[in-house]
2 protein chains.
Amino acid sequence: MGRKTSKDQPTDQRLPRLGVEPYLQLMGRTAAPETDAKSAHMGLVMLWLSDHILDVMDEELASYGITESKLDLLLLLILHQDKGMITPSAIAARLGIRRASATALLDWLEKRQWIAREQSDQDRRMIHVSITPEGKELVERLLPAFWRTCASLVEVLEPEERAVFEKVLLKLNDTIEKRLDAGR
Amino acid sequence: MGRKTSKDQPTDQRLPRLGVEPYLQLMGRTAAPETDAKSAHMGLVMLWLSDHILDVMDEELASYGITESKLDLLLLLILHQDKGMITPSAIAARLGIRRASATALLDWLEKRQWIAREQSDQDRRMIHVSITPEGKELVERLLPAFWRTCASLVEVLEPEERAVFEKVLLKLNDTIEKRLDAGR
DNA sequence: GCCATATAATTAGATTATCTAACTATATTT
DNA sequence: AAATATAGTTAGATAATCTAATTATATGGC
């Protein structure tokens, strides 16, 4: 966060990242013979692209004073509203983090009055979490820009490219989600 | 890191993430009218895919006791070897981080004997950083798996899909790199 | 040649997002 | 009623960043 305002010493210069070529050369000597070079190259670019995409989104969200993890939590609360009350445990389970981590996020959001905690009457160990009007206001204010930014990621593509890309994207995402789920 | 060995209370269960549908519905009511819904949807999936790709790579690297940031640094040292000595400042500039952050990474790597620092004779303010034989050994051991993992990211794609996808990938990566460079 | 300024690296101190383990309070089961 | 399970939190850790300040060394202007 705050990469925009960073200054360090006034003379700090940003050297260009190494291009892909040196990496490909290194791959030539270090990849196992059965690894397809073209695929590995594409995967490497995907890895870089992934980093860049998260950087872009972090910067966008930083201008609203929030981060992706915390926005995820707020969106979960909004999307869950009609389905009744939600507890910190359920939030953690849905976000794929530990309950202790959820507690930390909730503390931060509560301090800013964007969420509220209320003890359950049925089971006094449980807490019901909800988004406040202020929290909703923030999300409503930020979402248009969020969708704009999402859209901007693929806007350079030509119509022909988009059709294939869309299919590929969903396929890759499904595959990797299954792969990650498998390891749990 | 270490998501694999996580346990918490034995009863902790991982609920499935919400699917894309609720998000699309939310988008319907919250996106600016001029935002293209299809693009925004694709961008959202790209954002998720990006998270997943980094998760996969983090897990892979964790099994070698290293992280992406630190591997980046080691690879930079390897790729820089023929071009003479490199300093912490130059490393920071190439990685796009502050010198203080580079110092922290170098401390960690030095403690494990994977890099070495040596004071320059010409300019005694400067440090020359190099990768040690042990560091090289680690990288040589890990890179085959790294390329394997890269390749595995796109392995589900059909040959026809790959051709288009490759072009699109490079285009998206170029575009976003320019965009990020612009904001500096 | 000396002093002001610039630069290189580090240190100090902070934030964010995670984690595991231990703890407290409350339910549930036997 | 005692043992066990569950919900939430707290305590303490690690990792990757940041800014600001500090220390040491060079350099450029006079």
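A note on names: the letters A, B, ... follow the listed sequences, proteins ahead of strands, and every chain is numbered from 1.
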Length of the [atom1]-[atom2] vector between [X] and [N], whole Å:
X	N	atom1	atom2	answer
E110(B)	dA9(C)	CD	C1'	13 Å
I97(B)	dA9(C)	CD1	P	13 Å
R99(A)	dA21(C)	CZ	P	13 Å
D58(B)	dA17(C)	CG	C1'	12 Å
L106(B)	dA8(C)	CG	C1'	13 Å
L105(B)	dT11(C)	CG	C1'	16 Å
L54(A)	dA16(D)	CG	P	16 Å
W108(A)	dT9(D)	CH2	C1'	20 Å

(request) With axes from five pairs an end, tell me the bend angle of the helix from dG1(C)-dC30(D) to dT30(C)-dA1(D), nearest 10°. (result)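 Helix axis angle between the two ends: 10°.
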
Would you mind writing out the side-chain donor-acceptor pairs for residues 78-88 of chain A within the sub-3.5 Å range, not counting sequence neighbours?
residue, atom, partner, partner atom, Å
H80(A), ND1, G84(A), O, 3.3
Q81(A), OE1, K136(A), NZ, 3.0
Q81(A), NE2, I78(A), O, 3.2
T87(A), OG1, A90(A), N, 3.2

(message) List the residues meeting salt bridge (charged side-chain N to carboxylate O under 4.0 Å, His left out) with R179(A), not counting sequence neighbours, and say none if there are none.
(response)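 None.
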
(request) Only counting residues at least two apart or in another chain, list the ones meeting salt bridge (charged side-chain N to carboxylate O under 4.0 Å, His left out) with E110(A). (result)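 Residues passing salt bridge (charged side-chain N to carboxylate O under 4.0 Å, His left out) with E110(A): R117(A).
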
(request) Please list residues of residues 112-127 of chain A whose heavy atoms come under 4.0 Å from any atom in DNA chain D, ordered by number; otherwise none. (result)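 Listed by number, they are R117(A), R125(A), M126(A), I127(A).
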
(message) Is the phosphate of dT7(C) approached by S89(B) (side-chain N or O, under 4.0 Å from OP1 or OP2)?
(response)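 Answer no for this pair, as no side-chain N or O of S89(B) is under 4.0 Å from OP1 or OP2.
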
Using a 4.0 Å heavy-atom cut-off across all strands, classify [X] as base, sugar-phosphate, or nothing.
X	answer
S101(A)	base
S69(A)	sugar-phosphate
A102(A)	nothing

(request) Between dT10(D), dT16(C), dA9(C), spot the one nearest the side chain of P88(B), thanks. (result)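 Out of dT10(D), dT16(C), dA9(C), the nucleotide with an atom closest to P88(B)'s side chain is dA9(C).
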
(message) So if I take every side-chain heavy atom of A100(B) and compare against dA9(C), dA12(C), dT16(C), which nucleotide ends up nearest?
(response)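 From the listed options, dA12(C) comes nearest.
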
(request) For R125(A) and S120(A), test the side chains for any donor-to-acceptor distance below 3.5 angstrom and give the result as yes or no. (result)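 Distance-only check fails for R125(A) and S120(A).
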
Donor-acceptor pairs under 3.5 Å, side chain of residues 69-76 of chain B to any protein atom, not counting sequence neighbours: which ones?
none

(message) Suppose we screen for side chain to side chain contact (heavy atoms under 4.5 Å, CB included). Which residues come up paired with E161(B), at least two apart in sequence or across chains?
(response)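 With neighbours one apart ignored, the set is K167(A), V168(A), K171(A), L157(B), E158(B).
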
(message) Under the rule for side chain to side chain contact (heavy atoms under 4.5 Å, CB included), what residues qualify as partners of A145(B), not counting sequence neighbours?
(response)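 Only E60(B), Y64(B) meet the side chain to side chain contact (heavy atoms under 4.5 Å, CB included) criterion with A145(B).
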
(request) Inspect the contact between K38(A) and D36(A) and indicate whether a charged nitrogen and a carboxylate oxygen are less than 4.0 angstrom apart. (result)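 Salt bridge absent between D36(A) and K38(A).
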
Please report, to 0.1 Å, the donor-acceptor pairs under 3.5 Å made by any side chain of residues 21-34 of chain A, with sequence neighbours excluded.
residue, atom, partner, partner atom, Å
T30(A), OG1, L26(A), O, 2.7
T30(A), OG1, W147(B), NE1, 2.9

